[in-house]
Amino acid sequence: MYKQLIAAFSLTGALFLGACASAPSETREIAIIPQPREMQDKGGTFLLKEGQTIGAADQELMPAANYLAGLLSKATGYTFETAVGEGTISLETGNADAKEGGYLLDVSTKRIQIKGNNYGGVISGIESLRQLLPAEIESDQVVNGVEWSVPAVTIKDAPRLQWRGLMLDVSRHFYTKEEVKELLDMMALYKLNKFHWHLTDDQGWRVEIKKYPLLTEKGAWRTFNSHDRQCMKLAGENDNPDYEIPEDKLKVVEGDTLYGGFYTQEDIKEVVAYAAVRGIDVIPEIDMPGHMLAAISNYKGVSCSDKIGWGSVFSSPVCPGKETALEFCQNVYSEIIPLFPYKYVHLGADEVEKTNWKKCPDCQQRMRENGLKTEEELQSWFVHRMEKFFNERGKEMIGWDEILEGGLSPTATIMWWRTWNPKAVPTATAQGNHAILSPNANFYLDYQQDKNSIKNMYAFEPLIDTLSVAQKERILGLQGNVWCEWIPSRERMQYMVMPRMLALSEVAWVETEAKDWERFVGRMVAQFPRLDIMDVNYRIPDLEGFYETNAFVGEGTLDIKCPAPDVTIRYTTDGTVPTLESPLYEGAIKVTETTDFTLRTFRANGKKGDIVKTRFIKDEYAPAVEANPSHTGLQAVWHEYTGNDCAGIDAAPVNGTYEVKEAGIPSEAKGNIGLVITGYFNAPSDGIYTFVLLSDDGSILKIDGETVVDNDGPHSPRELIGQKALGKGMHPVEIKYFDHNGGTLRLKVLDPNGNELPASAGIYTY
Ligand code: ACM
Ligand code: ZN
């Protein structure tokens with residue numbers, strides 16, 4: 001029997017280190033992500049040496065052998081001959097008792113054996129071996145003076161889920177094939193095995209289609225759009241060059257600066273081959289029938305009328321009523337399909353603006369002929385027609401969860417993205433369809449990161465409790481999506497992806513019982529030196545130990561907990577952005593007056609982290625008011641509100657008034673929501689209270705008429721925390737909130753000792 005020994009060797013003791021001191025070194029650090037199922041430490045080590053060989057049991061494994069030789073030789077400078085047959089390191093498939101994608105990695109002092117259940121399993125074994133080696137193995141230059149030792153262990157491992165995906169949007173901003181390969185390298189290291197390539201969208205067509213050259217000649221290039229301008233603005237505001245539009249994506253044509261780029265079909269083949277070596281399938285998405293601006297702008301007979309452009313939110317879609325349009329779509333996919341030798345293609349089919357279809361005689365005729373009652377059914381008809389085309393070519397279709405609307409064919413796979421549409425997966429899997437889960441609230445890697453983003457991803461439970469066993473089996477796996485409207489550069493992309501990718505990797509790989517947040521954080525931090533050497537621009541997780549606003553009576557303390565070693569923190573108190581010349585944070589700082597701190601982390605290579613602001617407010621306990629409320633709970637007024645901040649809510653017409661137990665969205669409120677929630681907060685004693693306000697979109701919390709948390713503006717789920725010194729008794733409370741499509745609102749209150757005060761404790765009245 002194998003024993004689960006990893007816990008004893010992972011870096012659990014060094015999670016949060018005061019002033020970012022170095023992690024205490026343990027004698028034998030084994031910190032693999034994702035966490036292997038079973039590991040036995042046999043003691044002793046294997047040493048990499050010149051002259052060792054890598055043997056592949058058969059020709060099919062030679063790419064894996066050569067890949068491993070490449071990984072091991074760069075930093076060691078040794079040559080590892082590869083050949084079919086036995087080697088010092090041997091690779092083979094046929095580990096029949098392992099789950100699909102599983103592997104056995106056996107390291108003895110003399111040799112290493114990797115036996116995968118399939119090619120992907122062998123790659124996963126290689127990635128575990130890689131993580132057992134010193135981080136310096138990642139260097140692309142020879143590193144002297146390192147002992148290239150591998151602890152002698154036996155690992156028996158297999159993934160929980162078969163789909164461990166990452167999607168990259170190369171339309172909104174473009175990434176060269178080299179930049180994509182770097183991402184594939186990171187994916188491989190953490191055993192992600194599906195690369196979903198979002199190749200086209202309204203902002204750029206990124207793949208050569210020989211039959212329709214204008215798609216790239218024109219459609220791959222644009223003058224700067226609002227996303228580009230916003231990025232440039234953010235570069236200045238955040239003192240962050242990673243938001244600049246990279247020069248290599250620009251060209252000047254007749255005096256106009258154009259942004260863009262595309263992949264030739266040869267480039268695509270090169271990237272697909274690169275991914276295949278690393279055990280990664282590549283799934284193309286040519287998004288249709290919406291998001292097709294390059295097609296409808298440059299070719300006739302593709303859209304409903306030649307009047308193309310934008311509807312109220314999205315671009316005009318292709319016309320499912322016209323055979324010419326269907327032919328166009330199929331011709332495009334006829335060139336795409338042979339480039340991607342895998343089971344799936346992704347049709348997209350999200351966010352379709354269907355108003356044109358209502359007015360188009362061809363669309364209306366198609367609906368009459370096929371007995372389609374709604375435009376949703378027309379969309380379904382289009383999707384089914386494309387799916388049939390794929391099936392005839394031996395492919396299966398994936399579409400975003402909108403493909404459920406208007407009827408799903410029995411063989412389609414949905415990719416669930418709309419967290420606010422929680423029925424998608426239960427419905428699809430009950431019908432027998434497969435599902436891939438990438439709910440935006442947890443798995444959209446372009447969303448702003450905060451202290452909860454990695455945790456939210458890690459906490460996600462892929463096999464939704466209420467599903468039957470058969471339904472659970474239809475969940476293929478998980479995927480993180482990187483939409484790139486505000487991600488213009490390789491550096492920014494990596495910053496958004498890393499280290500969240502590590503949580504994605506682990507939550508897709510390990511069983512629920514094996515998840516352990518604290519230990520995961522330890523292992524994640526242990527990966528940072530490896531990412532440093534790989535020149536990955538990862539984000540230092542949030543500094544902790546303070547909130548957005550902190551109240552104190554008398555004297556306060558800024559006592560920062562930094563989740564990563566080898567990081568320095570610099571700060572200012574005059575509102576300016578910290579630079580490498582600003583004061584260094586060296587330990588807890590006493591605060592005696594209201595002070596605004598601006599903090600910034602700097603990695604050893606000088607890379608700057610986010611600008612973090614925290615306010616320390618010197619306060620007295622605010623006196624309670626005289627009040628005689630008659631109800632427990634709070635009162636919520638729902639306004640029909642379409643604005644983008646909380647300021648306009650009061651003026652919007654009222655839809656209804658409801659009682660809520662705590663600050664949350666009344667079940668009646670749907671669609672355009674502006675809420676004003678009022679009542680009293682009853683403080684059980686004098687003290688500093690902490691208010692944790694989570695919302696999607698914006699919200700503002702006022703207590704005693706004073707803003708305590710300002711979480712306003714349009715945004716994805718974001719938690720901000722403020723404090724206030726309150727005297728025992730009643731304090732008027734007001735929460736404003738808006739959203740336009742099923743958002744989130746939650747207010748958590750912590751007592752002066754940091755314990756949560758539940759609404760059931762009678763803290764709210766009105
Ligand atoms: C999507 O985010 N529109 C799939
Ligand atoms: Zn039409």
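In listed order, ligands and their atoms are each counted from 1. None of the values given here were measured: they were computed from a predicted structure.
- Checked against the 6.0 Å centroid criterion, the rings of Trp486 and His173 do not qualify as a close aromatic pair.
- Just one of Glu270, Glu335, Glu208 meets the side-chain hydrogen bond (donor to acceptor under 3.5 Å, both in side chains) condition when paired with Gln265; it is Glu335.
- Between Trp163 and Tyr344, the two ring planes are perpendicular [angle over 60°; tilted spans 30° to 60°].
- Of the polar atoms of Trp400, none of the N or O atoms is found under 3.5 Å from an N or O of ligand 1, judged by distance alone.
- Distances below 4.0 Å separate heavy atoms of Tyr444 from the following atoms of ligand 1: 1 (C), 2 (O), 4 (C).
- With no hydrogens or angles considered, no side-chain donor-acceptor pair links Asp228 and Tyr259 at under 3.5 Å.
- Of all the atoms in ligand 1, the ones that sit under 4.0 Å from a non-hydrogen atom of Trp483 are 1 (C), 2 (O), 4 (C).
- Within the 4.0 Å heavy-atom criterion, the part of Glu351 lying near ligand 1 is the side chain and not the backbone.
- Rounding to the nearest 0.5 Å places OH of Tyr333 at 6.5 Å from CE of Met386.
- From the protein, the heavy atom lying nearest to atom 3 (N) of ligand 1 is Asp350 OD2, 2.6 Å.
- Annotation: angle subtended at the Zn ion (ligand 2) by Cys360 SG and Cys319 SG is 110°, to 10°.
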